[in-house]
Amino acid sequence: MRIIPRRIELDNLKAPGWKMIYGRRKTGKTFLVKNFVDYDSYFFVNRNGTILDMASGKGLSYDEFRKEFIERLGNGTLVVDEFHRLPQEFLDLLHAYSPEGELIMITSTLWLAMRLLGERESPLLGIVTPVRIGLIDEREILLELSKEVEGKELVEASTYLCEPILVPFYQPPLGEFLAKYLHSSGALVAEIVGEAFSEEELRLSEVYLAILHSIADGKSKSTEIGNYLLSRGLIESPSSVQKYLKVLTAMGLVRKKPIHGKKKRFRYFIASPLLDLHFYLEAKYAYTELETPEEFIRKAVDEKLPGHVEDFLEGLLAKVYGLRPVSVEKPELELDIALEGFKKLEIVGEVKWKKRVKREEVRKIEEKLWKFDCRKVLIVPSVEVLKREPEGIEVLTPEDLVELAKESLKGKPSSG
């Protein structure tokens with residue numbers, strides 16, 4: 001079985017104190033805890049409210065669980081999975097016994113997580129450390145997949161396998177795999193996101209899903225997204241979209257990128273390339289509702305892949321060097337990669353993800369990047385695609401990226 005170590009999240013989980021692990025479904029929360037965290041008791045809360053003691057296989061009522069929980073708290077590490085299914089009284093119980101012993105709680109209900117972490121009167125405020133489990137870190141997925149594939153396929157597969165749900169099923173080549181997966185499992189992808197909003201009223205769910213559709217369709221500024229929602233009668237003014245974008249960002253479904261040199265101005269993107277591809281196909285072609293050939297989906301994959309690769313590579317270098325991705329808003333200087341340190345650009349770069357880069361293209365890259373007084377990079381599938389190497393610009397290949405990821409993660413213990 002293909003297992004991706006998640007060293008960063010494990011470092012957070014191994015710290016002392018109570019932790020609340022949260023994130024949308026299918027991001028590997030339960031798998032991570034059950035396989036890589038030392039615990040003494042593991043309780044799983046079923047949908048009907050009964051609790052399964054995983055060690056004994058015994059089913060417990062809430063009253064029985066409550067007694068067991070109090071007795072075991074302080075005697076090793078306890079895990080309560082899907083704790084949001086327990087009665088509200090359980091949160092008061094936690095408040096009364098905090099911070100005794102070691103406790104890990106897991107929830108896939110993002111709305112509850114947001115409320116428990118954001119409300120001033122929340123019984124968990126200040127007594128648990130939140131740990132969000134989302135997409136796999138770019139460095140980790142690249143490093144692990146480099147054991148199976150290389151070159152162009154490695155970077156493309158890593159771009160999409162940041163989405164944990166794809167990890168067990170991937171078979172190269174990536175484009176063919178993605179088209180087949182979405183053709184057969186597009187409804188499942190939609191359900192994953194839909195569950196994130198299942199506890200809210202229908203109208204709010206429509207607003208959030210409309211935002212995701214609009215972003216996948218190319219609207220990245222809040223004004224563009226707000227006007228789209230206004231035209232559909234989902235909000236009363238474009239400015240009111242901000243509160244919804246804030247929630248989606250906190251949930252990890254959307255990421256926002258600051259616009260360089262402009263205070264409090266951002267562009268918004270769907271965090272998961274798989275979800276972005278899904279919502280793009282839905283917004284344009286309603287592919288889960290209509291019979292859509294696999295070949296048709298493959299064309300959409302080919303169209304979106306270069307942009308997703310650029311985002312992945314920018315995120316990878318940001319993690320390696322501890323910098324922040326930003327958007328440069330000058331049309332003649334539009335960049336594939338722009339990374340900011342403290343108030344200034346530290347790295348700028350272009351990505352040429354193609355079979356051949358002509359001399360004229362290299363010249364244009366030089367002209368553009370030479371205008372910036374910082375480190376300059378060009379990322380290509382291999383040096384062989386270049387008709388000539390650029391002057392004053394560092395060329396990075398997939399092999400170089402693997403070495404950067406390896407060096408960046410050095411010292412972090414493997415979970416496998």
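Values below: every heavy atom of this structure, side chains too, minus hydrogens, waters and symmetry copies. The first residue of the sequence shown is numbered 1, and numbering continues consecutively from there.
Residues satisfying the side chain to side chain contact (heavy atoms under 4.5 Å, CB included) criterion with Pro238, sequence neighbours excluded, are Asn227, Leu230. Shown here are the ring pair (Phe, Tyr, Trp, His ring centres under 6.0 Å) partners of Phe169, two or more places apart in sequence or in another chain: there are none. His260 is linked by a ring pair (Phe, Tyr, Trp, His ring centres under 6.0 Å) to nothing, counting only residues two or more places apart in sequence or in another chain. Among residues two or more places apart in sequence or in another chain, the salt bridge (charged side-chain N to carboxylate O under 4.0 Å, His left out) test is passed with Glu407 by Lys410. Every side chain to side chain contact (heavy atoms under 4.5 Å, CB included) that Tyr321 has, sequence neighbours left out, goes to Leu317, Leu323, Ile347, Arg375, Leu404. Phe177 pairs by the ring pair (Phe, Tyr, Trp, His ring centres under 6.0 Å) definition with Tyr170, not counting sequence neighbours. Take Arg232 and apply the salt bridge (charged side-chain N to carboxylate O under 4.0 Å, His left out) test, not counting sequence neighbours, and it matches no residue. For Glu102, the salt bridge (charged side-chain N to carboxylate O under 4.0 Å, His left out) partners two or more places apart in sequence, or in a different chain, are Lys19. Qualifying side chain to side chain contact (heavy atoms under 4.5 Å, CB included) partners for Glu176, counting only residues two or more places apart in sequence or in other chains: Pro173, Lys180, Arg298.
Exactly one residue among Tyr160, Tyr280, Trp353 makes a ring-ring contact (aromatic ring centres under 6.0 Å, His included) with His308. That residue is Tyr160.
Ring pair Phe90/Phe65 is tilted by interplanar angle, where 30° to 60° counts as tilted.
Other residues, nucleotides and ligands place more than 12 heavy atoms under 6.0 Å from the CZ atom of Arg2. Within a 6.0 Å radius of CG in Asp38, other residues, nucleotides and ligands contribute 12 heavy atoms or fewer.
Salt bridge present: Lys284 and Asp217 bring a charged side-chain N and a carboxylate O closer than 4.0 Å. A salt bridge between Glu350 and Lys368 is present, with a side-chain N of the basic residue lying under 4.0 Å from a carboxylate O of the acidic one. For the pair Glu361 and Lys354, the salt-bridge criterion is met [side-chain N within less than 4.0 Å of a carboxylate O]. The pair Lys221-Glu329 meets the salt-bridge criterion, with a side-chain N (NZ, NE, NH1 or NH2) lying under 4.0 Å from an Asp/Glu carboxylate O. Salt-bridge annotation for Asp137 and Arg6: absent, with no side-chain N of the basic residue lying under 4.0 Å from a carboxylate O of the acidic one. A salt bridge between Glu144 and Arg7 is present, with a side-chain N of the basic residue lying under 4.0 Å from a carboxylate O of the acidic one. Ion pairing of Arg359 with Glu366 is absent here, as no side-chain N (NZ or NE/NH1/NH2) approaches a carboxylate O to less than 4.0 Å.
Under a 3.5 Å cut-off, the side chain of Lys29 and the backbone N or O of Gly23 do form a donor-acceptor pair. Counting only distance, with no hydrogens or angles, the side chain of Asp276 and the backbone of Ser272 share no donor-acceptor pair below 3.5 Å. Without hydrogens or angle criteria, Thr159 side chain to Val155 main chain gives a donor-acceptor distance under 3.5 Å. Of the possible donor and acceptor atoms, one in the side chain of Asp336 sits under 3.5 Å from a partner among the backbone N and O of Val351.
Phe269 carries Lys257 over the face of its six-membered ring, with the cationic atom under 6.0 Å from the centre and within 45° of the normal.
Listed by first and then second residue, the ring pair (Phe, Tyr, Trp, His ring centres under 6.0 Å) pairs that reach into residues 209-238 are His213-Phe279, sequence neighbours excluded. Pairs engaging residues 358-405 under the ring pair (Phe, Tyr, Trp, His ring centres under 6.0 Å) rule: none recorded [sequence neighbours left out].
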Identify all side-chain donor-acceptor contacts of residues 241-256 below 3.5 Å with residues at least two apart in sequence or on another chain.
| from | atom 1 | to | atom 2 | distance (Å) |
| --- | --- | --- | --- | --- |
| Gln242 | NE2 | Ser222 | OG | 3.1 |
| Thr249 | OG1 | Leu245 | O | 2.8 |
| Arg255 | NH2 | Asp311 | OD2 | 3.3 |

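Between Leu378 and Pro390, the shortest heavy-atom distance links the atoms CD2-CG, 3.9 Å.
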